[in-house]
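Single-structure report; data block below.
In what follows, every heavy atom counts, from backbone to side chain, and hydrogens, waters and symmetry copies are set aside. Just so it is clear: chains get the letters A, B, ... in the order the sequence lines come, proteins before strands, and each one is counted from 1.
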Amino acid sequence: MKDAERQVKRITAKSDDFSKWYVEIVQKAELADYTPMKGMMVIRPHGYAVWENIQKGLDLRIKAAGHVNAYFPLFIPESFLKKEAEHVQGFSPEVAWVTVGGKEELEERLAVRPTSEAIIGHMYAKWIKSWRDLPVLINQWANIVRWEKVTRPFLRTTEFLWQEGHTCHETAEEGEAETLAILELYREFCETELAIPVLTGRKSLSEKFAGASMTYALEALMSDGKALQMGTSHNLGQHFSKAFDIKFEDRNQTLQYVWQTSWGMTTRTIGALIMVHGDDSGLRFPPRIAPVQVMVVPISIGDWKETVLPAAAAAVEGLRQAGLRAAIDAREESTPGWKFSEYEMRGVPLRIEIGPRDVKAGQAVLVRRDTKAKETVPLASLGARVPALLDEIQAGLLAQARAFLEANIREADDYARFKDILENQRGFVRAPWCGDEACEARIKTETMATIRVIPLDDRQALTDKPCMACGAKGQALAYFARSY
RNA sequence: CGGGACGUGGCGCAGCCUGGUAGCGCACAUGCUUGGGGUGCAUGGGGUCGGCGGUUCAAAUCCGCCCGUCCCGACCA
C-alpha cells in the first residue's frame, strides 16, 4: 500500500494534536465509545478488562491492609447530604436528583451519589457504639454520578467507576496514619502496576475535598506536560462524625466522636495509562495490567495451517500454563501486517511471530511493544524468556515515565521564570509559596496553574525563600502545574 | 456556563459560497488473489445530509432555534 494511503489509517500524531490523539486512541483501541447521552460513555470489553485488572491489583492491596468490602445504596436522601455544610456546598452544583419514583412524586428527593460519605456516615452512627467496634475499615466498589459540564472519556465523565474507602478510628493520630498509609498504598500501586510514577503530598486548602480537614493526593505527569490527579486520600477529622453523630464510648467510658478517613481511585487511571505510555502507534500497556500480555501471530503462508498453526497454538498453550495472559490470532481474513498494527494500537506488550522459517528453525520472533525491538528465541525457551521480557517491559515503561517526570520538574524562584516555564515547557514547577489563598487564586487566574501537591517531607517542603508570586514570607515549596 | 470550530452511510471527508433531491476513501459482504509491517482485483449492500421549524415550485445547500462533539476558559476524581 502506498504511503499516502497508509496515512489515512493512522491516528493523529501525539505531537500534532494531543487531544485528538487521545480521543482517537480511545475509540480505535476500542476502550470506550460515546453514547447518545452527553458525557456518558460505554467502557467496552477491552477497556473494562483493564479496569478489572486495576480492580484486582487495588482490591488485593486494600484487603491486605485490613479492609473489607461492602456495598451502600446508590441514592442518598437530600437531608443527609445537607448535614455537613461544606460537603453539600462542594457537591451540590453537580448532583443528579431523583424526584419521581414510578408515578409518584417523592416526598424528599434523592441524590444519585456523588460520593458516599453521607449515607455511610448515617450507617456508621448506627453500627458504632464502643471503642471495641473500632477501627471500621470498609471499602466499596461503586459507580458515581457527577453532573460535569465538560466531559472527556475516562478523564471526566458524568458517571464513573471507583473504589471508595471509608474508615473510622479512635484517635486523630490513627486517622492521620490511615490517610497516609493509603496514600502510600496508592503510590506503590501506581508505580508497580501502572508503571506511572507520581508526586505525593497534601493539597492546599482551596483544593481539598469538601468536608475534609486535609486532602492528600497523587499527581502524575501526562506526556503533554499536564498533571493528572491519580487518587486522593482524605483525613476527614471529626467533620462527618459530628454531622452524623457517630459516637463511641472510649476506654475511659466517655463518649467521643470517631475520626474518619475516605479515599478513592477511579476509572480515570485508564486515561492516565493512555496519556503516560501511549505513542503514535497507539497504546502501550504495562504487562501487569494489560488484558492480553502476549499475542501470537502465525505468519500465514502456503501450508501454514498444517505447519505453523500447530506450533503457534502449542506456544500459546505453554504460555498460558505458565500463568500468562496469552492469545493467538489465527484469523485468515486479516494479514499478519494488519494484525501487527492492530495489536500495537491495542497496547499488547509483547507480540510473538511464528512463520514457516521459524518452525523449521524451531524458533519464534519476539517483538516488544514499548521499544519495537525484535529478538529471536528458541521455541523451547519461550517459557523462560517471555516472563523475563515482560518484566523488562514493565520496568522499561516505568523508567521511561520516571525519566520524563524528572526531566519536567523545574525550579522557579521568581514569577517571570514561573510563567515562562508554564508557557513554554509545562510540566511541574517547584516554587516557594506564601500559603495565602488569595495569592494562590491569583496565580491560577494569571497562569492557569494550580498547586498540585505540597510535599509531606519537611526537608523538601520548607523554605526560607520569599513567595515567588507575591514576595511575602515563603511557607512551603509547592508543586504547581496546569492540570486536567 | 462564556469564546471558537465542527456535525453528510460504521469511520474520515468532498459537495454548501453561486438551492434542482448525494459522492469519494476506508470499513462491511461475496469471489478470486495475496500473506515475514495494515495484499491486489472485481462485484455488491448500506446514507435523505444532527434535530425541529421557516423561506422557496424546489433545501445537504439560505434563515432561526435546539442538541451533540472537539478546542480554549470558569467547575471538578
Using purine N1 to pyrimidine N3 plus N6-O4 or O6-N4 for Watson-Crick, or N1-O2 and O6-N3 for G-U wobble, each under 3.5 Å, what pairs with [N]?
N: B:G25; answer: B:C11
N: B:G68; answer: B:C6
N: B:U55; answer: none
N: B:U30; answer: B:A42
N: B:C16; answer: none
N: B:A60; answer: none
N: B:G37; answer: none

Name the residue closer to the 5' end of RNA chain B, choosing between A:Lys226 and A:Thr266 according to the nucleotide with the nearest heavy atom.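 Per heavy-atom nearest nucleotide, the more 5' residue is A:Lys226.
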A:Gly231 or A:Asp17: which one's nearest nucleotide on RNA chain B is closer to the 5' end?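 With A:Gly231 and A:Asp17 compared, the 5'-side residue is A:Asp17.
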Taking the side chain of [X] as heavy atoms from C-beta outward, which of [options] is closest to it?
X: A:Ser19; options: B:U39, B:A77, B:C71; answer: B:C71
X: A:Glu94; options: B:C70, B:C76, B:A77; answer: B:C76
X: A:Arg268; options: B:A77, B:C70, B:G36; answer: B:A77
X: A:Thr157; options: B:C70, B:G37, B:A77; answer: B:A77
X: A:Arg152; options: B:C70, B:G35, B:C76; answer: B:C70
X: A:Trp338; options: B:C1, B:A77, B:U39; answer: B:U39
X: A:Tyr34; options: B:U69, B:G37, B:C75; answer: B:U69
X: A:Lys444; options: B:C70, B:C75, B:G35; answer: B:C75

Would you mind reading off the distance between [X] atom [atom1] and [N] atom [atom2], rounded to a whole angstrom?
X: A:Ile299; N: B:G36; atom1: CD1; atom2: C1'; answer: 5 Å
X: A:Glu207; N: B:C75; atom1: CD; atom2: P; answer: 9 Å
X: A:Glu342; N: B:C11; atom1: CD; atom2: C1'; answer: 14 Å
X: A:Glu24; N: B:U69; atom1: CD; atom2: P; answer: 17 Å
X: A:Gln363; N: B:G36; atom1: CD; atom2: P; answer: 17 Å
X: A:Trp147; N: B:C1; atom1: CH2; atom2: P; answer: 12 Å
X: A:Trp21; N: B:C71; atom1: CH2; atom2: P; answer: 13 Å
X: A:Lys20; N: B:U69; atom1: NZ; atom2: P; answer: 17 Å

Base of [N] paired with side chain of [X] (donor-acceptor, under 3.5 Å):
X: A:Glu344; N: B:G37; answer: yes
X: A:Arg156; N: B:C76; answer: yes
X: A:Ser300; N: B:G35; answer: yes

Would you call the rings of A:Phe244 and A:Phe240 parallel, tilted or perpendicular, taking 30° and 60° as the class edges?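 Judged by the thresholds at 30° and 60°, the geometry between A:Phe244 and A:Phe240 is parallel.
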Can you tell me, in whole Å, how much space there is between the [atom1] of [N] and that of [M]?
N: B:C1; M: B:C57; atom1: P; answer: 38 Å
N: B:G46; M: B:C52; atom1: C1'; answer: 26 Å
N: B:A14; M: B:G9; atom1: C1'; answer: 14 Å
N: B:A59; M: B:U8; atom1: C1'; answer: 14 Å
N: B:G51; M: B:C67; atom1: P; answer: 15 Å

For the side-chain hydrogen bond (donor to acceptor under 3.5 Å, both in side chains) test, which of A:His234, A:Lys203, A:Lys208 pairs with A:Thr215?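 Of A:His234, A:Lys203, A:Lys208, side-chain hydrogen bond (donor to acceptor under 3.5 Å, both in side chains) with A:Thr215 is met by A:His234 alone.
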Check the phosphate of B:C70 against A:Tyr22, side-chain N and O only, distance under 4.0 Å to OP1 or OP2. Yes or no?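 For B:C70, OP1/OP2 do not have a side-chain N/O of A:Tyr22 under 4.0 Å.
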Are A:Thr232 and B:A77 close enough that a side-chain N or O sits under 4.0 Å from OP1 or OP2? no
Ordered by number, residues from residues 346-360 of chain A within less than 4.0 Å of RNA chain B (heavy atoms) are A:Arg351, A:Glu353, A:Gly355, A:Pro356, A:Arg357, A:Asp358
Within the 3.5 Å criterion, strictly below it, is a donor on A:Lys444 or A:Ser206 matched to an acceptor on the partner's side chain? no
Roughly how far apart are A:Ile144 CD1 and A:Thr158 OG1, rounded to 0.5 Å?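 Answer rounded to 0.5 Å: 13.0 Å.
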Look up atom CG in A:Asp279 and atom OG in A:Ser15, then write down how far apart they are to the nearest 0.5 Å. 11.5 Å
Basic-acidic side-chain contact under 4.0 Å: [X], [Y]:
X: A:Glu184; Y: A:Arg61; answer: no
X: A:Glu191; Y: A:Arg187; answer: yes
X: A:Glu207; Y: A:Arg202; answer: no

Can the ring centroids of A:Phe80 and A:Phe75 be said to lie less than 6.0 angstrom from one another? no
Backbone N or O of A:Glu86 within a donor-acceptor pair of the A:Glu84 side chain at under 3.5 Å?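 Looks like yes, one N/O pair under 3.5 Å.
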